A.B. asks: 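Here it is: the structure, laid out below.
Everything numeric in this text was worked out from a predicted model, so none of it was measured.
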Amino acid sequence: MRALLAALALLAGSGAAWAEYPERPITMVMPYSPGAADVLIRAMGEHVQRALGQALVPTTRDGASGVVGMRVVAGAAPDGYTLGHTPMTAIVVQPHLLRDAGIGPESFEGVCGTNENVITVAVRADSPIRDLPGLVAEARRRPLSFGSPGPNSLPQLAVWRVQRAAGVEMNHIPYRGEAPHVNDTLAGRIDFSAAIVSSVAELVRAGRMRMLAVFSENRHPGFPEVPTAREQGIDALQFSQVGIYAPRGTPAPVLDRLEAACRSALDEPAVQRVLASSASPVRFLPRQALTQMIREEHANYGRILRELGVEPQ
């Protein structure tokens, strides 16, 4: 009985200690080159400072398609003072590609899902290809080449799903990032781009490119005229959730406070304006749902990459 009471007292003391969290600024590791995600985190940070009383400080640690920065997060003390904000690629795809990635779903606790990087395929505005079935039909007539932001990136895998569903082949040319392959599509050096919507949104609005489909469950709210792949009769769903993660072992009371701050931040009009301007729809996920998602998606991509014959390097 004395041992049980001592254990309960220890747990109570631990909860009391975390009740004061946070007592200093929180570092948010950004594992990709600066861009729209940094603007989002700064907008969310203004709300977090009001809600939690401490600053949210973004710091860039890019490299290896997000692995470098997320390895920093995984190796940090599990105290809620070091977090990472990333698309799920770094956690569910890259560990299958790099022998020494040093991270995986087991390395993290989900804090919250923030938004969706909707994936699309886009052609030049003067292309005769008008929709996804038209792209498939053209691929049956002649070899088509397309660019993506990198080998085994989620945009490339979206096109792989089209190929598998429609029984066609297309020539993939991996680039380093989005801008180079989008520019080559505009210049006519390749037939189309597989990209996230935010990378082509301004070009589409300017009438220089046309999106053929999105690979989400729903149409993009900023481009409601663009149907999903499934609406066009091609079963090719390619989802890309962006979220905030903490090191594995971060105490539940800390995660609860962070999740609540994240949820309320995403309701802020200023934060929603930032996401709308970057063509990244708000998609909040509770922390337990996010943690479960990355575990399931990690297993799914393991099967997909084995089917593609990809070996870790």
A.B. asks: Please report the closest heavy-atom contact between V92 and I294, naming both atoms and the distance.
C.D. replies: CG1-O, 3.4 Å
A.B. asks: Linking I/L/V/M/F/W/Y whenever their side-chain heavy atoms sit closer than 4.5 Å, directly or via other members, would F284 and M293 fall into one cluster?
C.D. replies: no
A.B. asks: Flag the pair L308 / R164 as yes when at least one side-chain heavy-atom distance between them is below 4.5 Å, and no otherwise.
C.D. replies: no
A.B. asks: Strictly distance-based, threshold 3.5 Å: is any side-chain N or O of T120 a donor or acceptor partner for the main-chain N or O of V197?
C.D. replies: no
A.B. asks: When you look at F108 and R248, which way does the side-chain contact (heavy atoms from CB on, under 4.5 Å) test go after all the steps?
C.D. replies: CA-CA 4 Å; F108 304 101; R248 180 72 177 270; 5.9 Å; no
A.B. asks: Hydrophobic cluster membership, with links at side-chain heavy-atom distances under 4.5 Å among I/L/V/M/F/W/Y: are I119 and V200 in one?
C.D. replies: no
A.B. asks: Hey, is R208 close enough to D126 for a salt bridge, meaning N to O under 4.0 Å?
C.D. replies: no
A.B. asks: Could you tell me which non-hydrogen atom of F223 sits nearest to which non-hydrogen atom of A201, and how far apart they are?
C.D. replies: CZ-CB, 3.8 Å
A.B. asks: With sequence neighbours excluded, what pairs up with H181 under the side-chain hydrogen bond (donor to acceptor under 3.5 Å, both in side chains) test?
C.D. replies: E178, S193
A.B. asks: Look at atom CD of E106 and say whether more than 12 heavy atoms of other residues, nucleotides or ligands are closer to it than 6.0 Å.
C.D. replies: yes
A.B. asks: Check for me, please, whether I196 and I41 land in the same ILVMFWY cluster - side-chain distances under 4.5 Å, paths through other members count.
C.D. replies: no
A.B. asks: For R124, does its backbone N or O pair with a side-chain atom of S127 as donor and acceptor, under 3.5 Å?
C.D. replies: no
A.B. asks: Find the distance between CZ (R287) and OG1 (T250) and round it off to the nearest 0.5 Å.
C.D. replies: 10.0 Å
A.B. asks: Which pairs with one or both residues in residues 113-135 pass ring pair (Phe, Tyr, Trp, His ring centres under 6.0 Å), sequence neighbours excluded?
C.D. replies: none
A.B. asks: Could you go step by step and tell me if E116 and S280 meet the side-chain hydrogen bond (donor to acceptor under 3.5 Å, both in side chains) rule?
C.D. replies: CA-CA 6 Å; E116 181 183 355; S280 298; over 6 Å; no
A.B. asks: Do Q272 side-chain atoms and L266 backbone N/O form a donor-acceptor pair below 3.5 Å?
C.D. replies: yes
A.B. asks: Does R161 pair with D235 as a salt bridge, N-O distance under 4.0 Å?
C.D. replies: no
A.B. asks: Rounded to the nearest 0.5 Å, how far does CD1 of I244 lie from SG of C262?
C.D. replies: 4.5 Å
A.B. asks: In Å, rounded to the nearest 0.5 Å, how long is the span from SG of C112 to CG of L258?
C.D. replies: 8.5 Å
A.B. asks: Would you please name every residue forming a side-chain contact (heavy atoms from CB on, under 4.5 Å) with A165, sequence neighbours left out?
C.D. replies: I234
A.B. asks: May I ask you to test the E23-Y81 pair for a side-chain heavy-atom distance under 4.5 Å?
C.D. replies: yes
A.B. asks: Under the side-chain hydrogen bond (donor to acceptor under 3.5 Å, both in side chains) criterion, do R283 and Q241 qualify, and how do the steps go?
C.D. replies: CA-CA 8 Å; R283 193 176 193 274; Q241 175 75 46; 2.9 Å; yes
A.B. asks: Side chains of L305 and L97: closer than 4.5 Å at any heavy-atom pair?
C.D. replies: yes
A.B. asks: Using side-chain contact (heavy atoms from CB on, under 4.5 Å), reason through L154 and N117 one step at a time and then give a plain yes or no.
C.D. replies: CA-CA 10 Å; L154 295 189; N117 276 345; over 6 Å; no
A.B. asks: Is a side-chain donor or acceptor of R176 paired with a backbone partner of P149 at a separation under 3.5 angstrom?
C.D. replies: no
A.B. asks: Looking only at the aromatic ring of each residue, does the gap between the centers of Y301 and H96 stay below 6.0 angstrom?
C.D. replies: no
A.B. asks: For the hydrophobic clusters of this structure (ILVMFWY residues joined by side-chain heavy atoms under 4.5 Å, transitively), does one cluster hold both M44 and M28?
C.D. replies: yes
A.B. asks: If we only count heavy atoms from C-beta on, is the V136 to V162 side-chain gap below 4.5 Å?
C.D. replies: yes
A.B. asks: For the pair E268 and R50, find out whether any cationic side-chain nitrogen is under 4.0 Å from an anionic carboxylate oxygen.
C.D. replies: yes
A.B. asks: Is there side-chain contact between L83 and Y245, with at least one heavy-atom pair below 4.5 Å?
C.D. replies: no
A.B. asks: Taking only residues two or more places apart in sequence, or in another chain, which ones meet R303 in a side-chain contact (heavy atoms from CB on, under 4.5 Å)?
C.D. replies: A299, N300, R306
A.B. asks: Apply side-chain contact (heavy atoms from CB on, under 4.5 Å) to V72 and list each qualifying residue two or more places apart in sequence or on a separate chain.
C.D. replies: V29, R61
A.B. asks: Mind listing the closest non-hydrogen atom pair of P281 and H220 along with its distance?
C.D. replies: CD-NE2, 3.7 Å
A.B. asks: Can you tell me how far the NE2 atom of H172 sits from the CD atom of Q163, to the nearest 0.5 Å?
C.D. replies: 9.5 Å
A.B. asks: At what distance, to the nearest 0.5 angstrom, does OG1 of T86 lie from CE of M70?
C.D. replies: 5.5 Å
A.B. asks: Assert yes or no for the condition that the ring centre distance of F215 to F239 is strictly below 6.0 Å.
C.D. replies: no
A.B. asks: Does a side-chain N-to-carboxylate-O contact under 4.0 Å join R142 and D191?
C.D. replies: yes
A.B. asks: How close do R230 and A236 get, counting heavy atoms only, and between which atoms?
C.D. replies: CG-N, 4.3 Å
A.B. asks: Among residues at least two apart in sequence or on other chains, which ones pass salt bridge (Lys or Arg N to Asp or Glu O under 4.0 Å) with D62?
C.D. replies: none
A.B. asks: When rounded to the nearest 0.5 angstrom, what is the spacing between CG in L52 and CD1 in I26?
C.D. replies: 5.5 Å
A.B. asks: Please examine the side chains of I129 and L212, heavy atoms only from C-beta on, and report whether any two atoms are closer than 4.5 Å.
C.D. replies: yes
A.B. asks: With a 4.5 Å limit on heavy-atom distance, are the side chains of D131 and L135 in contact?
C.D. replies: no
A.B. asks: If two hydrophobic side chains count as joined below 4.5 Å and joins carry through other members, does V118 share a cluster with F192?
C.D. replies: no
A.B. asks: For V159 and M170, what are the C-alpha separation, side-chain angles and deciding distance, and is it a side-chain contact (heavy atoms from CB on, under 4.5 Å)?
C.D. replies: CA-CA 8 Å; V159 177; M170 303 179 198; 4.0 Å; yes
A.B. asks: Looking only at heavy atoms, what is the nearest atom pair of Q156 and P151, with distance?
C.D. replies: OE1-C, 3.6 Å
A.B. asks: What I'd like to find out is whether the side chain of H85 reaches to under 4.5 Å of the side chain of L40, using heavy atoms alone.
C.D. replies: yes
A.B. asks: Show the numbers, then the answer: is there a side-chain contact (heavy atoms from CB on, under 4.5 Å) between T228 and N218?
C.D. replies: CA-CA 7 Å; T228 68; N218 304 296; 5.5 Å; no
A.B. asks: Could you walk me through whether Y175 and D184 satisfy the side-chain hydrogen bond (donor to acceptor under 3.5 Å, both in side chains) test, starting with their C-alpha distance in whole Å, then the side-chain angles of each, then the deciding distance to 0.1 Å, before giving a yes or no?
C.D. replies: CA-CA 10 Å; Y175 289 72; D184 275 359; 2.7 Å; yes
A.B. asks: Closest approach of P78 and G249, non-hydrogen atoms and distance?
C.D. replies: CB-C, 3.6 Å
